[in-house]
Each structure stands twice: as structure tokens, then as C-alpha cells.
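This report refers to the structure that appears directly beneath it.
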Amino acid sequence: MVVATGFFDGVHLGHRLVIEQLVKAAAARGDESMVMTFWPHPRNVLQKDARSLRLLTALDEKTRMLHELGVSRVEVQRFTKEFSNMTTREYLCMLRDNYGADTVLLGYDNRMGSDAAAPDDVAREAEAIGLEVVRTEMVSNDCGAAVSSTKIRKCLEEGDVLGANGMLGYSYCLHGVVVAGNRLGRTMGFPTANMQLYEPLKLVPGNGVYYVRVKVLGREFCGMCNIGLRPTVATGNSRTIETNIFGFDEDIYGLDMELSFVSKIRDEVRFASVDQLKAQLEKDRDACMSMM
């Protein structure tokens with residue numbers, strides 16, 4: 001077994017290089033490839049700011065992506081405080097003894113164990129217990145900085161879906177069920193599908209209007225999505241995800257829907273009247289359609 005280990009949140013371009021080399025190394029040796037990942041996120045268990053952490057991929061999304069990239073086996077290790085006490089050597093021995101690992105693949109910044117060993121130290125520990133080590137290089141963004149899940153989260157929080165997508169290697173997605181709204185959009189000629197996320201810890205992009213691609217009923221459409229507090233028509237602080245699907249007007253309450261974010265159109269703003277809001281929505285739709 002050739003093994004890579006980590007949380008792999010987002011399965012971004014840096015992760016994909018690791019997985020590509022993992023699959024190649026396994027094929028060259030005639031072995032299986034395996035990813036050992038964790039759930040929940042270590043920060044959710046060990047740090048005081050756990051509630052503020054939002055994820056780029058739900059567990060089922062991450063597992064599906066890893067398999068699509070050619071990984072033979074994905075093992076999900078429940079991350080607990082007890083598990084976090086394992087040293088690097090103990091962890092590597094567990095991979096060798098419990099899963100038949102004979103090769104471990106390390107990313108350029110891959111740390112592990114309660115001793116938070118750096119890649120060079122991990123490599124020495126691995127070789128000391130008879131494991132072969134394969135190392136990968138850093139993947140950088142357009143500015144030359146290392147691609148990371150933290151940088152992608154920051155982009156999304158700021159509404160920079162283009163920047164996030166560039167580091168992910170695909171369009172960022174939200175996945176959920178369509179729930180009932182107040183139907184105000186329909187009265188303005190812009191019926192919307194309100195989404196409730198399946199994974200409550202999934203990161204939602206910053207408030208604003210976005211051009212999105214929509215998968216529903218086994219078909220794909222284009223649309224515009226508003227994320228925010230709806231300041232023109234609502235007085236509360238409840239954040240919603242509402243999507244106007246172009247050329248679509250079917251009853252989809254209770255059904256599965258996926259949004260892929262292509263570009264941000266504008267920030268969310270408060271308008272003086274519903275008529276002004278409607279006029280702006282028409283401009284937003286035109287802006288989205290110009291990208292189709």
C-alpha cells in the first residue's frame with residue numbers, strides 16, 4: 001500500500017499533485033493507493049476557535065473527489081484528542097502495521113504527529129521503520145505563494161470566487177436541498193430556489209450576487225445567486241442562499257440542488273424600494289447572461 005495522509009480540505013491543486021504522484025507511485029509498484037484522512041477537522045477538536053472554521057468540502061465530497069482522482073482506498077480516521085497524542089513514529093507504525101503501508105507520500109509541508117514533525121523529520125522516521133518515502137513539490141498561485149486551504153477560504157469569504165477557483169482547479173460548489181422561501185422574488189419576475197446546506201460547516205462565499213451554474217433534476221442550468229441578508233426586503237439577520245435559475249420554473253421544493261460559483265457580479269446592497277431592486281436584478285441577469 002502506498003499511503004498519503006492529511007485532511008485534504010478542498011482537494012485543491014496542491015493536494016491534486018500529491019494524489020497524482022500517489023496514484024503513479026502505486027501503479028509503478030503494483031500496489032494499491034490509499035489516502036488516510038480525518039473527520040472532524042483537527043482544529044474543531046483541538047483549538048478554541050473551532051466554531052469559526054468552515055470547510056471547503058464535506059466528507060462525502062472529499063471522498064468522492066479522491067476516488068475520482070484514482071485513489072483505490074480512502075480511510076477516514078475519527079480525529080479525537082486521544083488520537084492526536086500519537087507521535088509521528090506511532091502514526092507511521094500504525095499505517096504500516098494496520099494498513100500494510102510500505103511507502104508514504106509526503107507533501108512539501110506535510111506535518112504529522114503530536115510532535116508536529118516537519119517533512120524532513122517525517123521522512124527520517126519513516127525510513128527508520130522501513131517505509132519508502134516519496135516527496136512532492138510546492139504548488140503556487142499566480143503570485144508565487146503556496147496554494148493552501150486557508151488562502152482559498154479567505155478568497156471565498158471575500159467573494160473572490162475566481163481566485164478561489166484558480167487554486168482549487170475547479171468551480172467551488174455548494175450542495176443542499178431546496179426549501180420554501182417568502183416567494184417575493186416570484187412577484188418581481190425572479191422566482192428563486194432557496195438552499196439549505198447538507199453540511200452545516202460548509203463555507204458559504206461572502207455576501208453578494210454571483211453568476212452560478214445549477215444542477216437540479218439531473219440537468220444543468222445557468223443562474224444568479226444572492227447570498228446575504230436581503231436588506232431591501234428583510235429586517236432580520238438570517239443569511240440566505242437564493243438562486244434565480246434562468247429558463248426554469250418548476251416546483252423543486254425538497255429536491256437536491258448543487259451550485260457551482262463562476263464569478264461575483266456585485267456586493268449585496270440595500271435599495272430604496274422594491275422597484276429599484278427589481279431594476280438592479282434585471283441588470284444582474286444581463287451581466288450573468290453575457291458570461292454564458
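Classification of R230 and E268 as a salt-bridged pair fails, no side-chain N sitting under 4.0 Å from a carboxylate O. Salt bridge D9/R43: absent, no basic N to carboxylate O contact under 4.0 Å. The residues D284 and R266 are annotated as salt-bridged, a charged nitrogen and a carboxylate oxygen being separated by less than 4.0 angstrom. Electrostatic pairing of D286 and K283 does not count as a salt bridge here, judged by no charged N lying under 4.0 Å from a carboxylate O. The residues R213 and E258 are annotated as not salt-bridged, no charged nitrogen and carboxylate oxygen being separated by less than 4.0 angstrom. Here R29 pairs with E132 in a salt bridge; the nearest charged N to carboxylate O distance falls below 4.0 Å. No salt bridge links R16 with E20; every basic N to acidic carboxylate O contact stays at or beyond 4.0 Å.
Residues passing the side-chain hydrogen bond (donor to acceptor under 3.5 Å, both in side chains) test with D115 are T88, sequence neighbours excluded. For R78, there are no salt bridge (charged side-chain N to carboxylate O under 4.0 Å, His left out) partners two or more places apart in sequence or in a different chain.
Using cut-offs of 30° and 60° on the angle between ring planes, the pair F79 and F38 is perpendicular.
Residues Y91 and T5 have side chains that bring a donor and an acceptor to within less than 3.5 angstrom of each other. Under the 3.5 Å distance criterion, with hydrogens and angles disregarded, no donor-acceptor pair is assigned to the side chains of S114 and T87. Inspection of the D256 and Y198 side chains reveals an N or O donor paired with an N or O acceptor under 3.5 Å.
With a 4.5 Å cut-off on side-chain heavy atoms, V3 and V35 do not count as touching. Using a 4.5 Å heavy-atom threshold, the side chains of L255 and Y253 count as separate. The shortest side-chain heavy-atom distance between V214 and F248 does not fall under the 4.5 Å cut-off. R96 has its side chain within reach of L131: a pair of non-hydrogen atoms, C-beta onward, lies under 4.5 Å apart.
Stacking of K62 on the aromatic ring of F7 is recorded, both the 6.0 Å distance cut-off and the 45° axial limit being met.
Of all heavy-atom pairs spanning Y172 and L203, the tightest one is OH-O, 2.6 Å. Minimum interatomic distance between V11 and L69 (heavy atoms only, all atoms of both residues): CG1-CD1, 3.7 Å.
More than 12 heavy-atom neighbours from other residues, nucleotides or ligands sit within 6.0 angstrom of CD on E90.
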